Amino acid sequence: MYVEHIQYHSDPSMSGVTLRFEARVEGDTWYHIGEVGDYKLREVWKRVDPRQVQAELRNDTTRGEGTAVGAGDP
């Protein structure tokens with residue numbers, strides 16, 4: 001189980017809410033599934049090598065066209 005306690009949120013009604021999710025890790029991928037009000041939420045996170053992402057971003061000529069990959073570069 002994964003528990004998330006929201007302190008700050010763009011929707012003030014979510015501040016102070018505690019959410020509980022079923023969670024699992026398979027290799028480099030983390031899954032958590034649960035409900036937020038009337039919505040079912042399923043998030044999938046993949047571990048990446050930050051050096052590889054930075055190299056890809058330096059070589060990507062299409063940056064800024066709707067693809068979001070966070071590696072700390074502006």
Side-chain angles (χ1 to χ4, degrees):
M1 179 179 298
Y2 166 72
V3 178
E4 185 172 304
H5 181 73
I6 300 173
Q7 293 180 325
Y8 306 100
H9 196 281
S10 59
D11 176 356
S13 70
M14 291 295 292
S15 294
V17 172
T18 298
L19 305 171
R20 289 174 176 74
F21 301 94
E22 293 300 318
R24 73 180 191 277
V25 175
E26 294 177 6
D28 286 341
T29 307
W30 172 36
Y31 303 86
H32 68 267
I33 302 167
E35 296 180 8
V36 178
D38 294 335
Y39 298 98
K40 293 239 181 214
L41 178 71
R42 180 176 186 259
E43 289 188 352
V44 179
W45 294 77
K46 177 97 173 138
R47 183 184 315 216
V48 298
D49 179 347
R51 292 169 299 205
Q52 179 181 349
V53 172
Q54 289 171 345
E56 289 174 8
L57 287 172
R58 282 191 296 272
N59 295 326
D60 185 359
T61 59
T62 63
R63 271 180 64 181
E65 295 181 5
T67 303
V69 178
D73 289 342

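Given the structure is predicted, the values throughout are model-derived calculations rather than measurements. Hydrogens, waters and symmetry mates play no part in the numbers below; they use all other heavy atoms, side chains included.
Partners of Ser15 by side-chain contact (heavy atoms from CB on, under 4.5 Å), not counting sequence neighbours, listed by chain and number: His9. Remark: Gln52 engages Glu56 in a side-chain hydrogen bond (donor to acceptor under 3.5 Å, both in side chains) (not counting sequence neighbours). With sequence neighbours excluded, the residues satisfying side-chain contact (heavy atoms from CB on, under 4.5 Å) with Arg47 are Asp28. A search for ring-ring contact (aromatic ring centres under 6.0 Å, His included) contacts involving Tyr2 returns Phe21, Trp30, His32, not counting sequence neighbours. Every residue meeting the side-chain contact (heavy atoms from CB on, under 4.5 Å) condition with Thr18, not counting sequence neighbours, appears here in chain and number order: Val3, His5, Arg20. In terms of the side-chain hydrogen bond (donor to acceptor under 3.5 Å, both in side chains) criterion, Ser10 has no residue partners (sequence neighbours excluded).
For residues 32-42, the pairs satisfying salt bridge (Lys or Arg N to Asp or Glu O under 4.0 Å) are Glu35-Lys40, with sequence neighbours left out.
The cluster map of Ile, Leu, Val, Met, Phe, Trp and Tyr, joined by side-chain heavy atoms under 4.5 Å apart, puts Leu57 and Val48 in the same cluster.
A distance of 9.0 Å separates CG in Leu41 from CD1 in Ile33, rounded to the nearest 0.5 Å.
Counting only heavy atoms from C-beta outward, the side chains of Tyr31 and Glu43 never approach each other to under 4.5 Å.
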